[in-house]
Novice: 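This is the structure, below, for whatever I ask next.
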Amino acid sequence: MSFRLSRLALLLAVSTIVSALSGVVATYWEAQDEFRDVLDDDLENQGELLAQVLSSEYIRVPGVDLDALLGDYFDAINEDALWLTVYDLETGKSLSNLPHELPLRKVDDRDLHLKMDGSDWYGVQRKGDHVVVQVLRRGQRFDDVQHEVLEDITAPILVVSGINLLLLALLMAMVLWPLSRLSRQLENRGPFSLDPLELKSPAREIEVLRNTLNRLIGGIGETLIRERHFADDLAHEMRTPLTTLKLELTASEPDFEVMKFEVNRLAKVLEQLLTLARVEHGQWQGSFTAVRLDEVCLQELATLQPAFAAATIQTDTNLPPVTIRGDRVLLGVLLRNILNNVLCHCPARTSLSLRLEQSEGTAVLRVTDSGPGMTNAQLERLNSGFTRLDSRSQGLGLGLAICRRIVEVHAATMHFKARADHLPGLQIEFIFPIEAGLT
Amino acid sequence: MYILLLEDDPNLGRALRKLLSTAYQVQWVRSLAEASNHVAMVDYDVVLLDLGLPDGDGVEWLRAMRSRQWLTPVLIISARDALNDRVLGLDTGADDYIVKPFEAEELLARIRVLLRRQSGSAQPRLTCGSLSFSAEAQQFYIGDEAISLPAMEYQILAVLMHSASKPVIRERLIQQLYGLGDSADSNTLDVHIHTLRKRIGKDRIETLRGFGYRLVPL
């Protein structure tokens, strides 16, 4: 099931308003009935009580101070909302707190509805031994009390509901609308658009979401750039020897040595591509074991030692035992590619050193040569993902892509630097993580 | 005609130089820095430009050169075949773009087009009076009759022909004959001009004292 959060929020707002209003109305009607009952009971009780009192303490009317007599029983005797009348059945006289000349209509009436001073009066009539007592309340007074009660009950409900609506609106402004904008931006985005998302919201969660998405987009962008560099390099590595072959094949005097060289070059590129494909598709992390990095270095160096000797490149090592988690075969490919690169780029009578050290949970391997080195711009290009600098790579451009991938699957880093001692040459620094417990 | 070849791959550079040298004087360089030095000294007829070079990107170099009103025709030779790359190369100021691997004949044909356009002609055969030149056949004609020329005289006449009756300075012709770096003898040029005049007619090449030569339409 799919729905829009904004519609859910709207539904919630409507529900809040409806529940608040229905609560107010229900409370109003319930309070009205209850309050009317309470007032009616009160009047009835007062009428009964007064009739009994006046019967037990029979007092002739007039000749009595009604205020003084009733003051003890009726707190609100002086209120103009309460109308009290006592009829003496023996003398036919009457006494009331409000001036009126209304005669007693029926002795046996119990509920009364009278009109006086332009107001409706509601109340009860009770008969004692010698007297009849009428107690009435002004209808307007009932409405006033009812409104006061309504205000007291409904005001908090309306205030709380208003605050809820405000909070809901705030929630929409801070979360739902930014999410909608984000959704629209993503919907309208072309498949190759990698611009950062523009999304402003004070909500921390939205900020985290935006930053995470932008990091992801940035990562995709970097990967695409790297892939493009790789595609360019691959195109160069394959098309350049093919062009040479085509030109030589159509030349009047083909150079067979060059053709043989270019065919071998293409074969090497193909071999590197296959290696890269195996690295890309292998589930390497699952097969990682403890590997002695120093032994890998020594073994690969020993394999290439004759080539270094032939090239008169002097090798020097300082490789204390260091164990990392990794794949022995992949690490061998990594070292071989790097050492081949040194062989390819370093002239005769230069040197190569391999240094390994362990510190703070990392193993640092530094491969340093005393070859021609690189300019800062070249170092920057290599560190930013380019895999080929010049035609001398002879397929090693792909080798560098393979190295990068192997380094990535080992959660390691590879960095190209100028030599720390400022002498000509290049230093490649690998930093591998060391898991706790590995010895 | 004088071509600057900018290609960093040694074998491809050699193969291209071998191919082009059959018809043109070729200067091969392997970096942008070298190329900048050469174009500052020589007025090449065409530059063949590879894009991925050790000291930078060929497109950026071309952009910088074009911003300085450098007008020499440029043919990009690149392994990058994406539409964006081709459009970027042409929009930056290249006159043509050819993707590796290409056929030798196609490359030569495209160079001929650039040279022909540069001389202001849309015809495959350049003419100056009754003298004409087919770049494709690498052959000069007077009227309908083909004339055979030694290599040096051929080079000199090709330059004069592509200049379309405009004066050509002596240094340009000397560069055409010897390229850069070689010690060229100025008298040798006079000898070749003399020989050429004997073959195509004395009055067809006018000497501009202290400047150079000009082909006269007869």
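Convention: sequence-line order gives letters A, B, ...; per-chain numbering from 1. Hydrogens, waters and symmetry mates play no part in the numbers below; they use all other heavy atoms, side chains included.
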Novice: Measure the spacing between CG of B:L12 and OG1 of A:T244 and express it to the nearest 0.5 Å.
Specialist: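 Rounded to the nearest 0.5 Å, the CG-OG1 separation comes to 4.0 Å.
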Novice: Does CD in B:E106 sit with more than 12 non-hydrogen atoms of other residues, nucleotides or ligands closer than 6.0 Å?
Specialist: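 Buried by this count: over 12 neighbours within 6.0 Å.
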Novice: Looking at A:Q314, I'd like to know if its CD atom is crowded, meaning that more than 12 non-hydrogen atoms belonging to other residues, nucleotides or ligands lie closer than 6.0 Å.
Specialist: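 Counting neighbours around CD of A:Q314, 12 or fewer heavy atoms of other residues, nucleotides or ligands fall under 6.0 Å, so no.
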Novice: Just verifying a value: how many Å separate B:R17 CZ and A:L247 CG, rounded to the nearest 0.5 Å?
Specialist: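 The distance works out to 13.5 Å.
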Novice: State whether B:K18 and A:E248 are salt-bridged, where the test is any N-O pair (Lys NZ or Arg NE/NH1/NH2 against Asp/Glu carboxylate O) under 4.0 Å.
Specialist: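 Salt bridge present between B:K18 and A:E248.
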Novice: With a 4.5 angstrom heavy-atom cut-off, which part of B:L19 approaches chain A: side chain, backbone, both or neither?
Specialist: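 Just the side chain, heavy atoms under 4.5 Å.
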Novice: Please check if the number of heavy atoms outside A:D421 that lie under 6.0 Å from its CG is greater than 12.
Specialist: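 Atom CG in A:D421 is packed in, count exceeds 12.
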Novice: Return yes when atom CD of B:E60 has more than 12 non-hydrogen atoms of other residues, nucleotides or ligands closer than 6.0 Å, and no otherwise.
Specialist: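 Yes.
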Novice: Using non-hydrogen atoms only, which part of B:L107 is less than 4.5 Å away from chain A: side chain, backbone, both, or neither?
Specialist: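 Contact with chain A: none, neither part.
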Novice: Tell me whether A:N188 at atom CG has more than 12 heavy atoms from other residues, nucleotides or ligands lying less than 6.0 Å away.
Specialist: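 It does: A:N188 CG has more than 12 such atoms within range.
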Novice: Report the distance from atom CD of B:E105 to atom OG1 of A:T250, rounding to the nearest 0.5 Å.
Specialist: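 Between B:E105 CD and A:T250 OG1, I get 7.5 Å after rounding to 0.5 Å.
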Novice: Quick test of your reading of the model: are A:R239 and B:D9 salt-bridged, counting only N-O distances below 4.0 Å?
Specialist: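 Salt bridge: no.
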Novice: In Å, rounded to the nearest 0.5 Å, how long is the span from CG of B:N11 to OG1 of A:T243?
Specialist: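 The CG atom of B:N11 sits 11.5 Å away from the OG1 atom of A:T243.
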